[in-house]
Amino acid sequence: MTIRVIIVDDQAMVRAGFAALLAAQSDIDVVGEAPDGRKGVEVSRSVHPDVVLMDVRMPEMDGLAAVRELLSPPTGVVHRPKVLMLTTFDVDDYVYEALRAGASGFLLKDAPPADLISAVRVVAAGDALLAPSVTRRLIADFARQRPAPPSGGPALRLNGLTPRETEVLELIARGLSNQEIAARLVVAEQTVKTHIGKVLAKLGLRDRAQAVIFAYESGLVAPGDA
């Protein structure tokens with residue numbers, strides 16, 4: 001099955017370079033591009049991509065506002081693509097908020113070409129791009145800067161999880177893959193996937209990215225934990 005992608009970035013050279021790289025893959029089809037978030041939303045709603053590569057800082061509408069438009073659309077709009085943020089370290093705050101809004105992860109603009117291709121496939125498959133330690137550090141840094149979660153907030157929602165589900169959520173937040181979690185808990189990888197599905201459903205979360213955010217904001221995982 002071909003992965004339909006659009007590229008939203010205010011730099012024409014970036015769009016052209018990414019488009020050429022992705023279009024050369026037999027399983028990826030670049031179906032549109034846009035120079036700012038507003039036009040990106042319009043293009044997305046017109047061509048219905050599977051994945052949107054979204055720059056963070058752009059004129060007219062930045063990537064954060066565009067993510068919110070795409071993933072919390074008005075009544076009548078049913079298409080919700082996966083969103084992969086393109087960023088540099090000087091815009092971490094935007095990335096953190098984009099993850100909270102439902103983006104599936106982020107990729108540094110200077111990442112190797114193979115990483116971009118892999119990221120598109122990972123996100124299209126419904127997973128979150130959270131394996132790199134830099135992502136965990138990003139989330140931990142912002143959790144550290146925020147006040148302790150209020151009692152009765154996200155922490156209370158943890159009460160709806162079983163002990164094993166809570167353990168799985170903690171390991172997700174620490175950056176372990178499904179395979180690593182399975183090895184740690186001595187269970188089958190499919191069992192881990194089942195637990196993750198239940199965690200997301202019970203907490204009303206979209207994917208692993210939001211699960212990591214929730215784990216920090218609820219206090220389940222503290223910044224700096226290994």
NZ/NE/NH1/NH2 to OD/OE distance under 4.0 Å, D27 and R121: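 Looking at R121 together with D27, the answer is yes, because their closest N to O distance falls below 4.0 Å.
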For side chain to side chain contact (heavy atoms under 4.5 Å, CB included), just list the numbers for V77 and R45, CA-CA rounded to whole Å, side-chain angles, deciding distance to a tenth of an Å, and then say yes or no. CA-CA 8 Å; V77 177; R45 289 181 179 163; 3.9 Å; yes
Taking 4.0 angstrom as the limit, do R174 and E170 come out as a salt bridge?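 Salt bridge between R174 and E170, a charged N being under 4.0 Å from a carboxylate O: yes.
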Under 3.5 Å, side chain of S72 to main-chain N/O of E69, donor-acceptor pair present?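 It does not hold such a pair.
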Looking only at atom types and distance, does a side-chain atom of S44 sit under 3.5 Å from a main-chain N or O of G40, one as donor and one as acceptor?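 Between the backbone of G40 and the side chain of S44 there is no qualifying donor-acceptor contact (under 3.5 Å).
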Positive for side-chain hydrogen bond (donor to acceptor under 3.5 Å, both in side chains) with N178, one of E189, R208, K193: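 Only one option passes, and that is R208.
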Would you name the heavy atoms of V30 and A19 that are closest together and state the gap between them?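 Shortest heavy-atom separation between V30 and A19 comes out as CG2-O, 3.8 Å.
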Passing option when L22 is tested against D29, I117, I3 for side chain to side chain contact (heavy atoms under 4.5 Å, CB included):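 Only one option passes, and that is I117.
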When you check the gap from the basic side-chain N to the acidic O, do K109 and D9 get nearer than 4.0 Å?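 Yes.
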Within this structure, what is the CZ-CG distance for the pair R57 and L86, rounded to the nearest 0.5 Å?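 Going from CZ on R57 over to CG on L86, the span is 14.5 Å.
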Could you tell me if the side chain of L171 sits less than 4.5 Å from the side chain of I181, heavy atoms only?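 When only atoms from C-beta onward are counted, L171 and I181 do touch, with a gap below 4.5 Å.
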For E60, is there an ion pair with K39 - N to carboxylate O distance below 4.0 angstrom?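 Not counted as a salt bridge, because no side-chain N and carboxylate O are separated by less than 4.0 Å.
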Any V47 side-chain heavy atom under 4.5 Å of H79 side chain: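 In short, these two side chains do not touch, never coming nearer than 4.5 Å.
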Grab the two heavy atoms, one from K82 and one from S104, that are nearest each other, plus how far apart they are.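 Shortest heavy-atom contact: CD-OG, 3.9 Å.
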With rounding to the nearest 0.5 angstrom, report the CE to CG distance, M54 to D62.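 If I round to the nearest 0.5 Å, the distance is 9.5 Å.
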Closest non-hydrogen atom pair between L205 and A211, with its separation: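 Smallest interatomic distance, heavy atoms only, reads CD1-CA, 3.6 Å.
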Would you say S218's side chain and F214's backbone share a donor-acceptor pair under 3.5 angstrom?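 It does hold such a pair.
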Please walk me through it: do L169 and L161 pass side chain to side chain contact (heavy atoms under 4.5 Å, CB included)? CA-CA 9 Å; L169 175 59; L161 303 181; 4.0 Å; yes
Qualifying residue for side chain to side chain contact (heavy atoms under 4.5 Å, CB included) with V52, from L71, I6, V67: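 Exactly one candidate clears the test, I6.
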Steps toward side chain to side chain contact (heavy atoms under 4.5 Å, CB included) verdict (T2, I28): CA-CA 5 Å; T2 302; I28 299 175; 5.8 Å; no
Using the side chain to side chain contact (heavy atoms under 4.5 Å, CB included) rule, take V56 and F106 through it: C-alpha gap first, then chi angles, then the decisive distance, then the call. CA-CA 10 Å; V56 174; F106 80 94; over 6 Å; no
In Å, rounded to the nearest 0.5 Å, how long is the span from CZ of R157 to CG of L220?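 Result: 12.5 Å between the selected atoms.
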Compare all side-chain heavy atoms of P81 with those of D50 and state whether any distance is below 4.5 angstrom.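 A side-chain contact under 4.5 Å is absent here.
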Quick check: closest heavy atoms across A215 and A173, and the distance to 0.1 Å?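 Smallest interatomic distance, heavy atoms only, reads CB-CB, 3.4 Å.
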Within 6.0 angstrom of R80 CZ, more than 12 heavy atoms from elsewhere: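 Enclosed.
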With heavy-atom distances below 4.5 Å as the criterion, would you say the side chains of L176 and I172 are in contact?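 Contact flag for L176/I172 side chains = no.
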About how many Å separate CZ of R184 and CD of Q179, when rounded to the nearest 0.5 Å?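 With rounding to 0.5 Å, CD (Q179) is 13.5 Å from CZ (R184).
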Over all atoms of both residues, closest heavy-atom pair of V43 and A34: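 In this case the closest contact between V43 and A34 is CG2-CB, 4.3 Å.
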How long is the gap from OG1 on T162 to NZ on K202, to the nearest 0.5 Å?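 The distance works out to 5.0 Å.
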Can you find a pair of side-chain heavy atoms, one from M85 and one from L107, that are under 4.5 Å apart?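 They are not in side-chain contact.
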Looking at CD of Q25 and CG of L116, how far apart are the two atoms once the value is rounded to the nearest 0.5 Å?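 Nearest 0.5 Å value for the CD-CG distance: 9.0 Å.
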Using a 4.5 Å cut-off on heavy atoms from C-beta on, say whether the side chain of V120 contacts that of L53.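 Yes, their side chains come closer than 4.5 Å.
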